[in-house]
There are 2 protein chains.
Amino acid sequence: MLVYGADGFKMARISTREQILQEADQLFYEGGFEGTSFADIAAAVGISRGNFYYHFKTKDEILDGVISRRMEATRAMLDAWAAENDSPAERIVSFIRILIDNRTKIMDFGCPVGTLSSELAKLDHAAQERAADIFGLFRDWLAGQFRALGQEERADELALHLLGRSQGVAVMATAFRDESFVRSEVDALEARVQALCLAPSNHQPEEN
Amino acid sequence: MLVYGADGFKMARISTREQILQEADQLFYEGGFEGTSFADIAAAVGISRGNFYYHFKTKDEILDGVISRRMEATRAMLDAWAAENDSPAERIVSFIRILIDNRTKIMDFGCPVGTLSSELAKLDHAAQERAADIFGLFRDWLAGQFRALGQEERADELALHLLGRSQGVAVMATAFRDESFVRSEVDALEARVQALCLAPSNHQPEEN
DNA sequence: GTCTATAGCCGGATAGAC
DNA sequence: GTCTATCCGGCTATAGAC
């Protein structure tokens, strides 16, 4: 399928399959997996439902593709954060800042990873584990940064804690549709990372 | 509808309406609102689908009833915690402990309040605000306890923080199906409350 | 690769007998 | 209050023409 630029001139060749995954990714985020129908995706892409099945046999196949796509995107984002920042503390702060950068969407739809994982858990869906693997990427990457900060022993614990904190922020921001809580928690988390920097060898006090 | 006890003798009269709400409450928690059909609820109650509509005209009406039911249950639980414990610190610890007491269900289905609120947000459902009001009950009650602990200024902030932490724990526990993280976070939160007790007048250090 | 047409099922919702 | 029977629409999925 050909996709034309805004000037109607420059054009890029994006495979229909890729376009389906792109739209499905967004729709699954904004409307949930169950809440999104084939018709919704087909309409967003601009193809017929019939054509759809040429590319994906079942809805689960699309979900699988969407999760793979998110895994790839996550890896790329983590690599970029590592490349853009020299210190592990700055890298961790890059992670924390996604809460600020994406606050509007988070208030409307929550965290893409957390909400998908929770929905699939309730559906008792086989792909729930794969969805949680996206959390695994963040967890391992964050643990690596904490190790580089000198937190050898507690690296994984700190990574899980930070992931959990960010999930809590996302859920509360969605529930109350309030961004002031996002900001105060982000400030507290950033202060925490700074404190770990200054005294890396033992347990750290934390303000919130 | 008559409900017989295990001995087949003693019996209690529970209205069908109440029984529907009871089953719907559990099914919405375990399978999600969208994931639960009228047929599911009717089967759980043991009535026909047709009979159903005598009690509730629409699915949204059931949701409304379930939320009201949860509000009532929450108020009763908060009152009980207040009655059972003399100190505000012990009351707050009662709240924290629900993560331990319900850990098995939380690992399977997450937090009933958080997951419902997130699902309704994605569905852009009118009842999302009412679902968040359940959080509001916890928020206000916790803030009251923090005020009693001498945290006049930061009472609401601390309440929101604690609510968010518990939501983060629930999401991570569901994603990784791991309860060790639940325990370590609960320990950290309890220690935090103790610290607030000992030095109530200023910002508190926190271990996690 | 893309379309139209359609099968077959299941969802919410209604009518009316008992 | 409870039932059976039924409508209608949307859903996933398939068949086959172009």
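Residue numbers start from 1 in every chain, and the chains themselves are labelled A, B, ... in the order their sequence lines are given, proteins ahead of strands.
Between the CZ atom of A:Phe52 and the C1' atom of D:dA15 there is a distance of 18 Å, rounded to whole Å. The distance from atom CD of A:Glu61 to atom P of D:dT12 is 14 Å, rounded to the nearest whole Å. Rounding to whole angstrom units, CD1 of residue A:Ile41 and P of D:dG10 are separated by 17 Å. Rounding to whole angstrom units, CD1 of residue A:Ile47 and P of D:dC18 are separated by 21 Å. Look at CD on B:Gln19: it is 14 Å from P on D:dG1, rounded to the nearest Å. Rounding to whole angstrom units, OH of residue A:Tyr54 and C1' of D:dC18 are separated by 15 Å.
Each of B:Arg165, B:Arg103, B:Arg192 was scored for a salt bridge (Lys or Arg N to Asp or Glu O under 4.0 Å) with B:Glu185, with one residue passing: B:Arg165.
Interatomic distance, A:Asp25 CG to A:Ile67 CD1, rounded to the nearest 0.5 Å: 10.0 Å.
Under the 4.5 Å side-chain criterion, counting only non-hydrogen atoms from C-beta, A:Leu137 is in contact with A:Met71.
In summary, the aromatic rings of B:Tyr53 and B:Phe38 are positioned with their centroids under 6.0 Å apart.
A:Ser48 comes within 4.0 angstrom of a nucleotide base, judged by non-hydrogen atoms across all strands.
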Which atom pairs, one a donor and one an acceptor, fall under 3.5 Å between side chains of residues 40-50 of chain B and the rest of the protein, sequence neighbours left out?
| from | atom 1 | to | atom 2 | distance (Å) |
| --- | --- | --- | --- | --- |
| B:Asp40 | OD2 | B:Ser37 | N | 3.0 |
| B:Asp40 | OD2 | B:Ser37 | OG | 3.2 |
| B:Ser48 | OG | B:Asn51 | N | 3.2 |

Just the atom pairs and distances: protein N or O near nucleotides 13-17 of chain C's N or O, under 3.5 Å.
| from | atom 1 | to | atom 2 | distance (Å) |
| --- | --- | --- | --- | --- |
| C:dA13 | OP2 | B:Lys59 | N | 3.0 |
| C:dA13 | N7 | B:Tyr53 | OH | 2.9 |

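Taking a cutoff of 4.0 Å between a charged side-chain nitrogen and a carboxylate oxygen, B:Arg69 and B:Glu72 do not qualify as a salt bridge.
Each of D:dT2, C:dG11, C:dC3 was ranked by its minimum atom distance to the side chain of B:His55; first place goes to D:dT2.
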